Amino acid sequence: GVRLGAAFGLVILLLIIVSATATLKIGNINQAVDSIVSDRYIKVRLAFDVRDGVNEQIKYLRGMVLDIARPDSNIKRFKQLDGATQKTNAAIEKIAQLQSTEMGIKKIQDVKDAAQRFESDKQELLTLIRAGDVAPATEYVLRKITTSQNAFLDIVVSFADSQSSQLQAEGANAVSDGTTAIHITLIFSLLAIAAAMLLGFFLTRSIVRPLREAVGIAENVAAGDLRTTIHVNSTDETGQLMLALKNMNDNLLKIVNEVR
C-alpha cells in the first residue's frame, strides 16, 4: 500500500509540475502579448504620428514662405498647419497618458520640452510670414528652425526606437516562455509516462504475481493437497494474504495429522 501510494503520488506530482509550468508560462505569454498590443505597439505608432505631424508642419511652413507674397494662398495652409499641430500635440498627450514608469515619464517630458522649443521657433517664423518679411523668413525656415525641428524629430525617433526595442524584447521573451513551456511539458510528460510504465511493471510484479501464487495455493488446498510450501517474502497486503494462507494450510495439515 505504501509503495503503491508513493508510485501514484510520483505520477501525480509530475502531472502537477506540468500543469503548473504550463499555467505559469502561458500567463507570462498572455502578459507579454497584452503589453505588446495594449502598450508598446500603441506608443510606437503614436511616436510615428508625432514624427509625421512635425514633418507636415515643416512642409506647410515652407510652403507659406514660398507664397509669402501671396497671403491669400496661405489661408488654407494656416488651417492645415493648425490641424497638423493639434494632431502632433494629441499624439504626445496620448503617449504621456500611457507612461507609468519614472523613466517613461522622463522620456515623454523630453519630447514635450523639444516640442515646446520647436513651437516657439515656429511662432517666430509665423510672425515673419504674417509680416511679409521674405528674406528673414526664408533664412529662418532654412536654418534656425531646422535646429529645433531636427532635435524634436531625433527625440521622437529615439523614443519610438526604445519602445520598439522593448516590444521586440517582450516578443522574444514570450517566444522563450513558450519554448520553455513546451520543453518542460514534454520532459515531465515523458517522465510521467515512464513512471506509469514502471508503476505498471511493479504492480504486476508485487501484486499480480503473488495473487496468482495465492490462487494456486488455494486451489491446491481445495483439492486436498496440503503439501505446498508457502513462502512469505513481504509484509504488505499480499504478504499478509500469503501468511494467512500459510497459517490455514499449516492448521489444516495439523488437523489432518491429528485425525489420522
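Predicted, not measured: the structure shown is a model, and the values here were computed from it.
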Ion pair Arg117/Asp121, N-O distance below 4.0 Å: no

Sub-4.5 Å side-chain heavy-atom contact between Leu61 and Leu126: yes

Ile184-Ile187 co-clustered via ILVMFWY side chain contacts under 4.5 Å: yes

Audit row: Gln80, Glu56, side chain to side chain contact (heavy atoms under 4.5 Å, CB included) steps and yes/no: CA-CA 9 Å; Gln80 291 172 325; Glu56 287 180 5; over 6 Å; no

Distance-only donor-acceptor check, side chains Asn89 and Glu93, under 3.5 Å: no

Heavy-atom side-chain contact between Phe159 and Asp110 under 4.5 Å: no

Linked, directly or transitively: Ile16 and Leu24 (ILVMFWY side chains, under 4.5 Å): no

Spacing of Gln240 atom CD and Asn247 atom CG [to the nearest 0.5 Å]: 11.5 Å

Minimal non-hydrogen separation, Ile129 against Ala137, with atom names: CG1-CB, 4.5 Å

Validation row: Phe152, Arg51 side chains within 4.5 angstrom (heavy atoms): no

Joint hydrophobic cluster, Leu142 plus Leu153, side-chain heavy atoms closer than 4.5 Å: yes

Expected output: side-chain Thr138 to main-chain Val134 donor-acceptor under 3.5 Å: yes

Beyond-backbone contact of Val156 with Val54, side-chain heavy atoms, under 4.5 angstrom: no

Lys87 NZ: over 12 foreign heavy atoms closer than 6.0 Å: yes

CG-CZ distance between Asp67 and Arg77, expressed to the nearest 0.5 angstrom: 4.5 Å

Within-4.5 Å side-chain heavy-atom neighbours: Asn74 and Tyr60: no

Any side-chain donor near an acceptor of the partner, Lys107 and Gln99, under 3.5 Å: no

CD on Gln166 to CG on Asp161, rounded to 0.5 Å: 11.5 Å

Trace of the side chain to side chain contact (heavy atoms under 4.5 Å, CB included) decision for Gln109 with Asp113: CA-CA 6 Å; Gln109 185 59 51; Asp113 292 342; 3.0 Å; yes

Heavy-atom side-chain contact between Met64 and Leu81 under 4.5 Å: yes

Distance (rounded to the nearest 0.5 Å) between Ser120 OG and Ile145 CD1: 9.5 Å

Close side-chain approach of Asp133 and Tyr140, heavy atoms under 4.5 Å: no

Gln149 to Ile58 - nearest heavy-atom pair and separation: OE1-CD1, 3.2 Å

Residue pair Ile108 / Ile105: nearest heavy atoms and the distance that separates them: CG2-O, 3.2 Å

Straight-line distance of Gln163 CD to Leu46 CG, nearest 0.5 Å: 10.0 Å

Between Ser148 and Lys122: side-chain donor-acceptor atoms closer than 3.5 Å: no

For the student: nearest non-hydrogen atoms of Gly53 and Ala84, plus distance: O-CB, 4.1 Å

Check: Gln123/Glu119 side-chain N/O donor and acceptor closer than 3.5 Å: yes

Nearest heavy-atom neighbours spanning Leu128 and Ile68: O-CD1, 3.9 Å

Side-chain heavy atoms of Glu124 within contact of Lys144, under 4.5 Å: yes

Closest non-hydrogen atom pair between Val44 and Ser164, with its separation: CG2-N, 3.7 Å

Linked, directly or transitively: Val111 and Phe48 (ILVMFWY side chains, under 4.5 Å): no

